*Asks:* 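First the structure, which I've put down as structure tokens, then a few questions once you've had a look.
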Amino acid sequence: MIGFPIELHLPLTLPAGYMIDLADGLTSYEHSISDQAGFESVAISRDAPADLALTALVTWLGGKLVAAGPDADIIAEGLLTTIEATFGEESRSVSLDPMANRIRVKYTLAAGGGSGTTSAANDTASQVIYGVKETVQSFETTDATDAANKATRLLAELKNPRMDRRSRAGAGSRSKAAPGAQLRCTFSGYYATLDWLTTSSTSTTSTDTGTQVGSLITSYRATNANFVAASTIATTGRSAPETIADGTTYRRAIEDRLASGNSSGQPLAWGVYEGAVFLVANPSAATTPGTVTYRRYLGDGRIYNAAGCVVPWWQVRPNAIYEVVDLLDPGPISTAQDAAARSYVARVRFSVQRDGMSLDLEGSEGQSVDRLLARIR
Amino acid sequence: MASDYRITGNGTTVYLVNSSGNPTSAGAATAAATTPWGIRFADWTPTAAAPNTLFAGGFPVAQSYDVVEETIPLILVGGSHDTMVARLQQLRQVAATWQFSTPAILTAQPSGATSPVYFEIYRAHIQERAPSSSKTPAEGASTCWVDLTITRSAFGGLLSAGETLINAVSLKNTGTGSPNNFNLYGPASGDLIYAGSPLNVSFTGTAGVSAGRIWLASVLERKYSTTGAGTYATSSTTGVSATALSFTMTNNPFDNQGVKGRFMLRFSAFASNAQIQVRVSTLNTGTSLIYTSPWVSAPNTTGVLLDTGGFTLDAMRRSNIAGTTMIVDIWQRSTNGSSASITLTYTEALHYYTFCRVEQGNVALTGSPDVVRAIGFTERSGYPCLPEFPIAQLHNSGTTIADTLTLSGSAPRFYNGAGLYVAWLSNIYVHTTTEAATFTVSHAPLYRTLRGAG
């Protein structure tokens with residue numbers, strides 16, 4: 001390869017329908033994949049002519065990326081949510097993160113203390129381009145009319161992506177003009193779009209949690225069909241009430257159910273992977289810590305599979321058991337997911353620049369017992 | 001014959017070496033016989049591009065090349081001060097054209113070399129100075145030394161067109177018979193024949209061919225087998241073994257350590273609720289797995305070819321025993337618990353160097369004369385054949401860009417002893433084994449410094 005260590009292709013399909021390969025001019029690429037989100041994020045930096053960077057700021061947001069590795073394998077997917085362009089000392093950033101094109105307002109009546117929720121205020125033009133992104137805001141001491149007005153006002157403010165501009169003039173450099181621009185594009189995995197919509201259920205029927213998650217995905221797709229593909233979720237063997245509080249995001253509702261694990265109390269792993277398909281691993285690899293997925297030798301940065309074949313860093317996935325061969329455990333507890341030599345991989349971060357590559361494997365130690373309990377509830 | 005070094009930009013050529021061996025005082029720089037320029041060869045030979053190799057604990061994991069910066073020491077015999085400055089200005093103009101037309105070209109052909117090599121110049125800095133013990137240009141000298149510092153392409157290449165390795169060969173969309181889906185590359189030259197040098201591949205479908213997905217690979221060895229062909233059904237959602245078959249490859253992974261393994265599976269029927277997975281081992285079926293593929297769905301229920309992903313062969317390489325046998329255990333499952341049936345017709349085992357997938361965009365290939373091109377290097381009259389960021393395009397009638405296609409993976413590259421493997425699905429992802437297409441492959445030999453007769 002000329003200028004970059006590996007041949008990546010980063011085709012981005014824009015909302016307008018055409019495709020551009022972001023890998024041409026690439027200076028850095030990084031992605032993270034987690035055992036409770038799947039493809040989590042991608043960030044790329046590349047050089048670009050100034051006019052291309054300007055076009056990107058206006059038309060690229062909401063584009064869909066399928067990142068492919070050197071063996072035509074999909075290594076990440078995501079939705080372009082933030083673009084930053086730097087033109088010398090001028091920078092521009094535009095993002096979908098603060099945007100909302102469907103707004104409801106919860107309110108507490110000033111008179112009498114009752115409460116209510118407005119019907120949704122929608123901006124269909126924005127929804128056609130980016131999909132439906134909802135927010136629910138709360139106001140106290142108002143009435144229904146005022147709450148509806150507030151929803152309309154918020155919609156006008158939030159319906160479009162917001163631009164952040166930074167300009168700086170400084171002394172010390174003899175050159176102020178930049179012949180081109182530097183682009184940084186940040187993508188969210190499709191799992192994050194499950195936070196874009198809210199749901200509710202008053203049913204108290206106890207149903208298998210896997211079945212419930214399948215129904216939630218089907219329900220989500222009825223509004224936003226283009227983010228998460230139709231997915232077949234197997235039963236988990238564990239039942240729970242179907243009740244969901246009003247205003248709960250689909251992501252929270254799904255995580256509440258899957259965090260209960262399976263019928264044996266074992267943890268699950270899940271996420272949105274290739275083809276935007278929602279997958280559930282039942283049980284997670286943490287339940288069989290003796291089955292090693294990846295091995296590594298101290299002094300050798302390469303990752304091997306259990307048979308001794310090198311696994312390219314960009315193909316390493318979470319929900320796996322990782323073992324450092326040289327660190328021989330004196331006698332690990334057979335059911336403990338973590339020991340001296342081996343540990344569970346909850347998140348993988350891979351990055352490559354023109355002059356280096358790195359892989360970080362994170363364990364689940366970041367998940368405190370309190371957080372786990374909060375999720376299981 | 002004197003050495004021939006020259007710089008061409010925007011249609012003008014400045015000769016850096018006089019064909020007589022000595023610069024012509026006040027001569028025209030645009031002809032070899034009269035140029036006032038000369039190279040102080042005692043100080044210079046072209047600089048080779050250093051590989052930027054990434055290591056992981058002593059083992060290389062990736063490699064790339066960056067541009068080269070070097071200084072060519074020149075002498076300019078102007079005859080008069082004004083003429084000397086005019087020739088300097090002419091060189092400054094000709095060497096800095098990338099923002100105007102195309103990058104300037106440095107041609108290099110030493111005395112005695114059969115063939116020239118061509119580099120692109122991306123930056124040129126020209127500084128005149130006084131020869132030893134002589135008046136400086138600032139004092140009105142008519143002869144000066146010039147340091148020409150250039151940033152140029154990592155490699156030099158041929159001009160206008162690469163080497164043709166496969167010339168309009170018809171290949172069929174199946175792994176058996178003649179022709180089939182594999183064709184060895186012809187002999188190639190250059191510094192990178194063992195490291196992978198760029199190729200241009202063109203695919204011209206015959207009437208009725210509408211390729212919506214094309215696989216292109218540089219393959220060292222391809223094996224075809226109908227063992228295990230038949231219909232299998234299961235309602236298991238966790239998966240069962242459908243059939244297993246063994247491939248004995250001629251290639252030993254120890255001898256070709258850049259080679260990876262891959263299986264392509266062809267089905268005449270594939271239920272919409274079915275998925276398959278391959279589990280690859282080297283000794284006993286299902287044990288000591290060297291690769292387990294993801295579960296793969298089919299894009300169509302009849303006539304599909306499925307790619308099950310690539311894997312490294314390090315375990316076989318290191319064992320040095322039974323290293324050429326790959327046993328593939330084909331598993332199947334149902335996605336919904338209902339019976340899911342598949343009918344396997346053949347399996348192909350690949351030992352490959354590069355593998356890529358080209359997907360059609362909005363415009364379907366409608367057959368000849370539409371052409372799909374996987375482009376790895378510049379191939380245009382009058383310009384160096386140098387590697388580019390690989391892309392794929394659909395050309396209507398071979399001339400108009402009808403669509404930019406999605407290329408995923410590594411575009412085909414030349415490796416000594418390898419050949420082109422191809423397979424394609426229609427625009428509705430049907431695999432038809434009787435279809436044929438015409439392929440042409442050209443190669444860009446690359447040179448770090450000089451070419452000689454290569």
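Order of the sequence lines fixes the chain letters, A, B, ..., with proteins taken first and strands second; residue numbering starts at 1 for each chain. From a predicted model like this one, the values you see are computed outputs, not experimental measurements.
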*Asks:* To the nearest 0.5 Å, what is the distance between OG on B:S293 and CG on A:D73?
*Replies:*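 B:S293 atom OG to A:D73 atom CG measures 12.5 Å (nearest 0.5 Å).
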
*Asks:* As an exercise, state the distance from CD of A:E7 to CZ of B:R413, rounded to the nearest 0.5 Å.
*Replies:*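 That separation rounds to 5.5 Å.
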
*Asks:* With rounding to the nearest 0.5 angstrom, report the CD to OG1 distance, B:Q275 to A:T232.
*Replies:*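 One finds 8.0 Å between CD of B:Q275 and OG1 of A:T232.
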
*Asks:* Checking A:T288 now: which residues fulfil side-chain hydrogen bond (donor to acceptor under 3.5 Å, both in side chains) with it, not counting sequence neighbours?
*Replies:*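 Result, side-chain hydrogen bond (donor to acceptor under 3.5 Å, both in side chains) vs A:T288: none returned.
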
*Asks:* For B:L54, which atoms come within 4.5 Å of any heavy atom of chain A: side chain, backbone, both, or neither?
*Replies:*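 Only the side chain of B:L54 comes within 4.5 Å of chain A.
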
*Asks:* Which residue pairs pass the salt bridge (Lys or Arg N to Asp or Glu O under 4.0 Å) test when at least one of the two sits in residues 311-325 of chain A, sequence neighbours left out?
*Replies:*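 Output for this query lists A:E274-A:R317, A:R295-A:E323.
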
*Asks:* Considering only heavy atoms, give the residues of residues 20-28 of chain A separated from chain B by less than 4.5 Å, sorted numerically, with 'none' for an empty result.
*Replies:*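 Checking residues 20-28 of chain A against chain B gives A:D21, A:A23, A:D24.
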
*Asks:* Under the 3.5 angstrom rule, does the side chain of B:S410 hit a backbone N or O of A:P70 as a donor-acceptor pair?
*Replies:*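 Yes; judged by distance alone, with no hydrogens or angles, the pair exists.
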
*Asks:* Would you find a donor on one side and an acceptor on the other, under 3.5 Å apart, between the side chain of A:N305 and the backbone of B:I290?
*Replies:*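 Answer holds: yes.
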
*Asks:* Go through the structure and list residues passing side-chain hydrogen bond (donor to acceptor under 3.5 Å, both in side chains) with A:E30, not counting sequence neighbours.
*Replies:*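 Not a single residue meets the side-chain hydrogen bond (donor to acceptor under 3.5 Å, both in side chains) criterion with A:E30.
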
*Asks:* With a 4.5 Å cut-off on side-chain heavy atoms, are B:F389 and A:H9 touching?
*Replies:*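 Answer yes - side chains close enough.
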
*Asks:* Checking heavy atoms, do the side chain of B:F155, its backbone, both or neither come under 4.5 Å from chain A?
*Replies:*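 Answer is side chain: those atoms of B:F155 sit under 4.5 Å from chain A.
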
*Asks:* Closest heavy-atom contact between A:A72 and B:S408?
*Replies:*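 Heavy atoms of A:A72 and B:S408 come nearest at CB-O, 3.5 Å.
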
*Asks:* What residue in A:D355, A:I74, A:D300, A:L10 has the most heavy-atom pairs under 4.5 Å with chain B?
*Replies:*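 Most heavy-atom pairs within the cutoff with chain B belong to A:D300.
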
*Asks:* Out of curiosity, A:C309 SG to B:F311 CZ, how far, rounded to the nearest 0.5 Å?
*Replies:*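 Reported to 0.5 Å precision, the distance equals 8.0 Å.
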
*Asks:* Pick from A:M357, A:R302, A:Q315: which one has the most heavy-atom pairs with chain B under 4.5 Å?
*Replies:*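 Looking at each option in turn, the highest pair count goes to A:R302.
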
*Asks:* Given side chains that start at C-beta, do those of B:Y352 and A:D71 come closer than 4.5 Å, heavy atoms only?
*Replies:*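 Touching, per the 4.5 Å side-chain cut-off.
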
*Asks:* Between B:G409 and A:A68, what is the shortest heavy-atom contact and its length?
*Replies:*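 Result for this residue pair: N-CB, 4.2 Å.
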
*Asks:* Is B:A411 in contact with chain A via its backbone, its side chain, both, or neither, using a 4.5 Å heavy-atom distance?
*Replies:*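 Both parts, backbone and side chain.
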
*Asks:* Less than 4.5 Å to any heavy atom of chain B: does that hold for the side chain of A:Y304, its backbone, both, or neither?
*Replies:*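 Interface part for A:Y304: side chain.
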
*Asks:* Taking side chain as C-beta onward, heavy atoms only, is A:R354 less than 4.5 Å from B:D66?
*Replies:*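 Not in contact.
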
